[in-house]
Protein chains: 2
Amino acid sequence: MDSPADTTPLAALLAKVPQPEPGRRKGALHGSTVAQLRNLIVTGALAPGAKLNERELCLQLGVSRTPVREAIKTLTQDGLLRALPNKSSVVAELDVGEIEALIDVVSTIEGLAGELAAARATDEAVAEIGMLHYRMMLHHTRDELPGYFEANKAFHRRIVELSGNPVLLWIWELLALRVDRARYSSNLWPKRWKMAIQEHEQILAALSAGDAALASQRLREHVRNGLSGLVAALKDRIAKPDGA
Amino acid sequence: MDSPADTTPLAALLAKVPQPEPGRRKGALHGSTVAQLRNLIVTGALAPGAKLNERELCLQLGVSRTPVREAIKTLTQDGLLRALPNKSSVVAELDVGEIEALIDVVSTIEGLAGELAAARATDEAVAEIGMLHYRMMLHHTRDELPGYFEANKAFHRRIVELSGNPVLLWIWELLALRVDRARYSSNLWPKRWKMAIQEHEQILAALSAGDAALASQRLREHVRNGLSGLVAALKDRIAKPDGA
DNA sequence: CGAAAAATTCTTGCATACAAGAATTTCGGC
DNA sequence: GCCGAAATTCTTGTATGCAAGAATTTTTCG
């Protein structure tokens, strides 16, 4: 009943998480605990439906229950966990219906970002976003899926930042968490990556031209296409769980 | 140094907050603490920039620091508070620029809600939303500003619910917190209430007809008009602080 | 042997104790 | 009398203790 190996697979996952040094500064525990736990959830290391035992998390993260509980509360608010009264929180299910709901919202939000960004796009900003696009292509040629995801996300994020609207960025960040989770869950190369690259270039062109309506429309469609493909991949994955 | 009257005006504000009975159920403190504190911030009872002393909040709310700290974390994530490392959290400033940023986001979000809701609008749902509209008018005739605000919010909320998109509702709730704060801050009857009523009726008509494009456009414009008026009122208020 | 009930164990929710950093006050020097 | 530095006080960040509710195991009865 005390053997560490079989109490739960969670132990193994957490064992390799780098722990903050004892000689740390005060006030850094909450943030780092949230980041570690969030990463485990978004990457799928903690599977949907998994129960979170606070005591166990404390042991593995090397912190007390206070920061762990705070992190759980934070991630619950972000929609990554579900809280049950007087019971263990569980990792939120990755509901395909919810991801379909995400499509409408994210595409609309990014469409707005594109509209606003086009009006503010300097040559420098467009060049910077273009660089992120090429970084994404580079990762693709190298077969580096995580780097590809990251650069793709940075491309979109930078456009939202360029919109100059802090509320929009805030909302986008919240939505991006869920999108990331879905992406990691599929863990496949998007089948439409070639088309995605074309769409990125067309978005860049619209931004560069300062054409708000066009940038908005192209971003909306690009996001919709991408997420629709993701949903299709997830449905496939559900149909045949072990990627044949 | 111990006289309760002058340590801070916060004490007076909190003194009248109904406290949960000692014979309560376990697990209700976090939620109620968040609700109480949020209400104080949204209504403006806690002014923007005010520092939150945890110990004092504990005394006044009759709970320990744990739920208070959790509530502070929650409201910080909602953007109502700002956290400073190793220092007291403060009530977020009510920045007019941020409210202007809200206009674009909220109008877009509600526009999407209208688009989706129109496709799902049954006669029953439209009637229900119409009822909320009439309730709002009733509060107007009675000069009941809080009731007016509440019914207006319920009208909009119900449309978002009707969209059937849970992600959209989630985002809308987050945005509505900030909108409410701005509304309470102005604490004026909207000058354009007569126009707002007309717009509501036109929105209802579009929903009833199932015209997604029209419902979307009308909601977008209605929200934009309303929030623009709000911003104008706030700018006025800043120019001449004591409403002459 | 199976099932239901009681007792035990475990887990969360809240309160509190302790430590590190910030703010304030006081004391010394000029 | 004023400025600066040291000491004190105060406040937040983290850990732990205690109680209520849930889960599990054991025991007892049919």
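Here is how names work: the chains are called A, B, and so on, in the same order as the sequence lines, proteins then strands, and each is numbered from 1.
Note on A:Arg178 versus A:Asp78: no salt bridge recorded, every NZ/NE/NH1/NH2 to OD/OE distance being 4.0 Å or above. A salt bridge links A:Glu100 with A:Lys235; the closest basic N to acidic carboxylate O contact falls under 4.0 Å.
Rounded to whole angstrom, the span from the CD atom of A:Glu54 across to the C1' atom of D:dT16 amounts to 14 Å. Taking atom CG on A:Leu59 and atom P on D:dT16, their separation rounds to 11 Å, with Å as the unit. When the C1' atom of D:dT12 is taken as reference, atom CG of B:Leu52 falls 13 Å away, rounded to whole Å. Taking atom NE2 of A:His30 as the reference point, atom P of C:dA20 lies 21 Å away to the nearest angstrom. Here the C1' atom of nucleotide D:dA15 and the CZ atom of A:Arg55 are 16 Å apart, to the nearest Å. Distance A:Leu61 CG to D:dA15 P: 11 Å, rounded to the nearest Å. Summarising the geometry, the separation between CG on A:Asn86 and C1' on C:dT12 is reported as 6 Å, rounded to the nearest angstrom. In this structure, CG of A:Leu84 is placed 15 Å from P of C:dT11, rounded to the nearest angstrom.
Considering only side-chain atoms of B:Ser88, the nucleotide from C:dG13, D:dT12, D:dT14 that sits closest is D:dT12. Residue B:Ser64 places its side chain closer to C:dA15 than to any other of D:dA22, C:dA15, C:dT12. If you check C:dA15, D:dT14, C:dA22 against the side chain of A:Leu29, the one that comes closest is D:dT14.
At distances below 3.5 Å, not a single donor-acceptor pair connects side-chain atoms of B:Arg183 with backbone N or O atoms of B:Thr43. B:Asp180 contributes no side-chain N or O that, together with a main-chain N or O of B:Val42, makes up a donor-acceptor pair within less than 3.5 Å.
Residues satisfying the salt bridge (charged side-chain N to carboxylate O under 4.0 Å, His left out) test with B:Arg69, not counting sequence neighbours, are A:Glu70, B:Glu54.
A:Leu102 places a side-chain heavy atom less than 4.5 Å from the side chain of A:Leu175.
Within the structure, a side-chain polar atom (N or O) of B:Asn53 is placed less than 4.0 Å from OP1 or OP2 of D:dT11.
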Quiz prompt | side-chain contact (heavy atoms from CB on, under 4.5 Å) evaluation trace for A:Glu110 with A:His156 | solution = CA-CA 8 Å; A:Glu110 292 212 28; A:His156 285 262; 2.6 Å; yes
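For the segment residues 65-81 of chain A, the set of residues with a heavy atom within less than 4.0 Å of an atom of DNA chain D comprises A:Arg65, A:Thr66, A:Pro67, in numerical order.
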